[in-house]
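This report refers to the structure that appears directly beneath it.
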Amino acid sequence: MTEGTGNGAGTSVKLARKDFQSDQEVRWCPGCGDYGILTAIQLLLPETGVKPENLVFVSGIGCAARLPYYMNTYGVHSIHGRAPAVATGVALARPDLDVWVIGGDGDMLSIGGNHLIHALRRNVNLKILMFNNQIYGLTKGQYSPTSEVGKITKSTPFGSLDHPFNPVSIALGAEASFVARTHDMDRKHMTEMFRRAHEHQGAAFVEVYQNCNVFNDGAFDTILNKDARPDMLIDLKHGQPVRFGTEGQHGVMMNAFGEAKIVEVADVGEDKLVVHDETRVDPSLAFALSRLADHPETPTPVGVFRAVDRPAYGASMQQQLVAAVERSGPGDLRALLRSAPTWTVE
Amino acid sequence: MTVEATSARGPETLPQVVIRFAGDSGDGMQLVGDRFTELSAMFGNDLATLPDFPAEIRAPAGTIAGVSAFQVHISDHDIVTPGDTPNVLVAMNPAALKANLRDLAPGSTLLINADTFEQRNLDKAGYAQNPLNDGSLAAFRVYEIPMTSITVEATKPLGVKPRDAERSKNFFALGLICWMYTRPTEPLVDWIKKRFASRPEVFEANVAAFRAGFNFGETAELFDHAFEIKPAPLPPGEYRQITGNVALSYGLVAAAQAAKLPLFYASYPITPASDILHELSKLKNFGVKTLQAEDEISAAGIAIGAAFAGNLAITGTSGPGVDLKSEAVGLAVSLELPMIVIDVQRGGPSTGLPTKTEQADLLLAMYGRHGEAPLPIVAASSPSDCFAAAFEAARIAIKYRTPVMLLTDGYLANGAEPWVLPDVDALPDISVPFATEPNHGDEFWPYLRDPETLARPWAIPGTPGLMHRVGGIEKEDGTGNISYDPENHDRMTRLRAAKVAGIANDIPLVDVDDPGGADFLVLSWGGTWGATTEATRRIRLRGKLIAHAHLRHLNPFPRDLGEVLHRYSKVLVPELNLGQLSKLVRAEFLVDAQSYTRVAGVPFHAAEIENKILEMMQS
């Protein structure tokens with residue numbers, strides 16, 4: 001029960017999507033982007049070989065946080081912002097389990113920002129999916145820590161003054177060992193990112209741009225409209241020059257300050273383009289790429305920004321226990337009580 | 001063990017003595033206090049200690065704020081408190097004298113490091129005149145001893161620089177006290193050797209200072225004889241000295257073994273609870289996992305996750321941390337998972353008095369969550385009792401699948417006493433089986449309760465066929481599915497309350513110490529046990545009748561508590577708060593319980609409670 005690598009262990013019986021669906025009615029608003037994300041997860045899991053009983057979905061509070069109820073797995077719908085903490089407890093107590101964290105931008109970057117960065121820093125073996133819709137949905141439409149400056153909402157009738165977070169930059173700043181971005185309009189890409197996150201040993205952070213059609217409809221239209229995508233999504237591919245556009249006519253080049261800048265390939269030549277390397281131990285390149293779009297209204301990178309090997313916390317913790325037993329033998333309570341001088345009264 | 005010869009007259013036998021070592025935070029008073037305690041414990045005395053140190057690591061040297069003290073009460077008979085007033089005060093500087101003098105009765109002994117009574121230190125302590133010269137100490141037996149210069153002199157042959165040599169003056173004071181009270185010296189020398197094994201020059205300087213202090217007592221002719229406190233006739237058994245935080249840590253380890261569960265402790269550093277984290281983090285070969293979380297909230301969340309995953313999960317803190325954890329504790333109440341929340345109480349509100357004791361978190365433990373969120377509360381009564389209290393908290397948490405609040409306090413946490421070691425083989429089995437099978441036809445209902453305990457099944461991840469979701473939203477009775485049904489919420493609220501209330505059938509009746517005939521009961525809880533017990537002993541020595549009951553369980557109360565309270569015409573509840581238990585028993589049992597309270601950051605003096613009882617007896 002205490003050994004394991006956290007991929008939930010394989011199975012010989014081929015499972016299907018329905019094996020991961022609970023009997024609960026899905027209660028998101030019709031048209032919500034969350035449906036597509038749920039489907040992508042439920043379609044991916046049978047392919048991974050993980051057994052439902054070895055999966056734990058942990059969430060905080062918010063629309064996204066209802067997802068565990070719809071999974072036929074173990075699940076905890078906890079309290080606002082604390083899902084990374086609760087999930088850390090599950091994953092460290094039981095490194096054999098396959099633990100996922102589901103939450104929104106308010107849950108994970110506002111009230112729970114501290115827990116998120118520390119789970120990433122520690123590299124706890126968690127698959128963390130952050131559904132970013134740039135709005136508070138469950139509380140009916142206040143601006144979120146990822147909303148753009150000037151946003152008019154119920155709590156900002158004269159426009160929000162808050163500078164938004166770039167979630168990928170935050171995760172990279174916390175030196176997360178796996179960081180990716182995807183969006184709810186492309187199930188294939190989503191599935192691929194979730195698969196990569198699942199395969200990663202350690203904390204995997206995936207930002208999912210997700211449309212809230214009730215309170216923030218079309219927030220990502222500028223970059224996600226079918227026609228816009230070729231020129232607005234920069235699909236990062238490991239080992240390849242960073243290029244985009246219908247003809248691959250745009251590219252990304254590093255300037256003298258280490259900043260990533262969008263250029264026309266015809267102007268600079270392909271050999272001047274930066275070649276993406278998600279395995280770089282130094283997160284600077286990934287961070288520079290994450291800064292290309294301050295906000296998803298200009299060409300925005302998607303895909304895997306960073307995927308590096310670093311010991312997962314649960315495994316290291318387990319190793320310390322094993323090493324302690326090797327060093328001192330298994331704990332003996334009788335001896336422990338006598339670890340200070342004793343005397344006998346007859 | 002050898003007892004070195006003392007002066008020709010031979011020692012005078014005393015039944016008990018209370019000694020307080022006081023000096024600057026950097027003077028090593030806690031260390032010599034600990035050592036004297038250990039020596040006395042090994043010698044066979046009964047004892048109790050009261051460390052008292054500032055929150056600042058190094059407050060400005062020589063000031064009142066920087067004074068650190070350690071009080072130890074040793075006796076030839078059974079004692080239960082660290083003593084009301086010291087018989088002997090060791091004062092290493094003017095500030096230590098000034099800060100502690102008010103606690104001394106006339107006739108007490110003052111051992112003063114005279115070297116430090118110069119203008120600069122007198123100014124820092126706020127003395128307009130040197131108290132050694134102005135007659136203000138006339139009521140005391142004052143011994144002015146140049147402790148620093150003798151220490152420097154004694155260590156000179158070792159080639160120790162005077163500045164370094166001065167640091168050993170605490171061992172001089174310890175040596176002198178060891179002579180005065182005829183303590184064995186060899187164990188102390190052995191201890192110094194072991195402690196400073198890697199620094200032989202420090203070892204030698206400390207031993208030289210210690211011997212100089214001892215020899216000073218024997219030869220200086222200041223003292224005409226030494227004293228002796230004979231071993232106490234304690235119940236037979238194997239003993240050690242233990243503090244509350246260490247006892248509590250061991251109690252958790254014992255409980256995890258008795259429950260056959262891995263122990264997971266998540267915590268955030270906070271005075272005076274951090275030593276539990278320090279202690280448990282050493283015990284990795286017991287399979288104990290510890291995590292220093294990023295904050296108090298996270299520590300509680302991590303414990304909930306570990307509990308869901310099947311560990312004995314614990315988070316420990318002090319009052320400010322309990323405030324922060326309260327939302328998570330409410331979640332644990334709703335999830336109905338076993339978990340222990342330790343509150344080592346300290347002076348509040350807010351940061352309050354981090355290193356001082358108080359018991360003002362009872363109502364916080366009881367009611368400090370939104371909604372109806374009852375949980376069991378267990379409190380420890382003495383430093384060594386923290387072991388049994390932790391074990392009991394775990395038993396209840398596991399059996400009833402509920403968070404349990406375990407209350408100790410700063411005095412219990414750092415205080416020490418002899419502890420007769422429990423027989424670990426005789427500890428009861430407190431394990432409960434995890435759910436392994438569907439419990440409702442071929443379905444698994446996570447909130448289908450055990451009819452007797454009302455506990456829900458504990459089905460841990462990895463168990464095939466029992467996949468289920470739990471959450472903080474109200475759950476349908478039985479299935480555990482989300483439910484907003486009004487009647488269901490009413491039912492679930494009452495079920496959660498009934499589960500906790502039902503624990504009253506699983507805990508002992510009130511243990512009333514009443515030799516018979518008393519119509520006056522003192523009701524205590526937590527760390528006031530010692531002072532209350534001593535006070536009632538003194539009342540009986542005066543030939544008066546008094547009954548005493550002490551509560552281990554604060555929620556639910558023992559099922560006969562109301563009946564017991566109504567048996568007495570007078571009920572007194574002494575507490576280090578403004579009357580929290582008295583409020584509870586008055587509300588619950590309509591009893592006219594009188595409250596006696598102090599919130600001075602220190603334990604009750606037995607005399608304070610004794611006087612209050614006498615006053616009430618006369619009215």
Side-chain angles (χ1 to χ4, degrees), chain A residues 1-2 22 24 51-59 61 68-69 71-94 96-97 114-115 117-118 317 320-321 323-325 327-331 333-334 336-346, chain B residues 38 41-42 44 187 234-242 250 253-254 257 262 264 266 283-289 291 293-295 297-298 300-311 313 327-328 331 335 420-422 424 461-473 481-482:
Chain A
M1 186 190 287
T2 49
S22 78
Q24 297 297 294
K51 296 176 183 175
E53 64 263 28
N54 290 334
L55 278 162
V56 184
F57 279 79
V58 181
S59 63
I61 295 294
Y69 287 116
M71 301 295 302
N72 184 33
T73 65
Y74 287 88
V76 182
H77 179 221
S78 72
I79 42 179
H80 206 10
R82 318 303 168 203
V86 174
T88 293
V90 176
L92 299 187
R94 294 279 304 280
D96 58 309
L97 297 172
N114 198 34
H115 308 305
I117 57 175
H118 286 276
M317 193 179 222
Q320 280 198 335
L321 302 193
V325 171
R327 196 168 51 239
S328 327
L333 182 58
R334 248 192 127 267
L336 177 66
L337 300 186
R338 288 159 180 79
S339 55
T342 64
W343 67 96
T344 301
V345 175
E346 302 293 340
Chain B
E38 185 83 49
M42 303 286 295
L234 295 171
E238 190 180 5
Y239 282 78
R240 66 167 279 176
Q241 189 210 153
I242 199 153
Y250 293 175
V253 174
Q257 292 197 349
F264 199 121
L283 305 179
K284 301 210 185 306
N285 62 327
F286 284 81
V288 173
K289 290 180 179 174
L291 183 70
E294 62 271 20
D295 59 34
I297 299 172
S298 174
I302 288 167
I304 289 172
F308 183 73
N311 280 191
E327 189 192 17
L331 175 67
L335 297 184
V420 62
L421 297 178
V424 297
T463 314
L466 304 191
M467 287 81 75
H468 65 281
R469 279 64 55 194
V470 292
I473 300 182
N481 292 329
I482 289 178

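First the proteins, then the strands, lettered A, B, ... as listed; each starts at 1. When reading the values below, keep in mind they use all heavy atoms of this one structure, side chains included, and skip hydrogens, waters and symmetry mates.
No other option in B/G44, B/A303, B/P464 has as many heavy-atom pairs under 4.5 Å with chain A as B/P464. Counting heavy-atom pairs closer than 4.5 Å to chain A, the top-ranked of the candidates B/P461, B/G472, B/G462 is B/P461. Contact count against chain B (heavy-atom pairs under 4.5 Å) is highest for A/G329 among A/G81, A/G329, A/P84. Counting heavy-atom pairs under 4.5 Å between each of A/V325, A/I61, A/I79 and chain B puts A/I79 at the top. Of the listed residues B/L331, B/V288, B/I304, B/L283, the one with more heavy-atom pairs under 4.5 angstrom with chain A than any other is B/L331. Between chain A and the residues B/E327, B/E294, B/E238, B/K284, the largest count of heavy-atom pairs under 4.5 Å involves B/E294. Between chain B and the options A/H118, A/H80, A/E346, heavy-atom pairs under 4.5 Å are most frequent for A/H118.
If you measure heavy-atom distances from B/L335 to chain A, the contacts under 4.5 Å come from the side chain alone.
In this structure, A/Y74 and B/H468 have perpendicular ring planes: the angle between them is above 60°, well past the 30° mark.
Distance alone, capped at 3.5 Å, places no donor-acceptor pair between the B/N285 side chain and the A/A324 backbone. A donor-acceptor contact shorter than 3.5 Å is absent between the side chain of B/K289 and the backbone of A/M317.
The structure places CD1 of B/I297 at 8.5 Å from CG of A/N114, a figure rounded to the nearest 0.5 Å. Remark: A/S339 OG to B/Y250 OH distance equals 3.0 Å, nearest 0.5 Å.
The salt bridge (charged side-chain N to carboxylate O under 4.0 Å, His left out) pairs that include a residue from residues 73-85 of chain A number zero, where partners must be two or more places apart or lie in different chains.
The two atoms that bring B/R240 and A/T342 nearest to each other are CB-CG2, 4.1 Å, heavy atoms only. In terms of heavy-atom proximity, A/E53 sits nearest to B/T463 at CB-O, 3.5 Å.
For B/F286, the ring-ring contact (aromatic ring centres under 6.0 Å, His included) test picks out no residue, with sequence neighbours left out.
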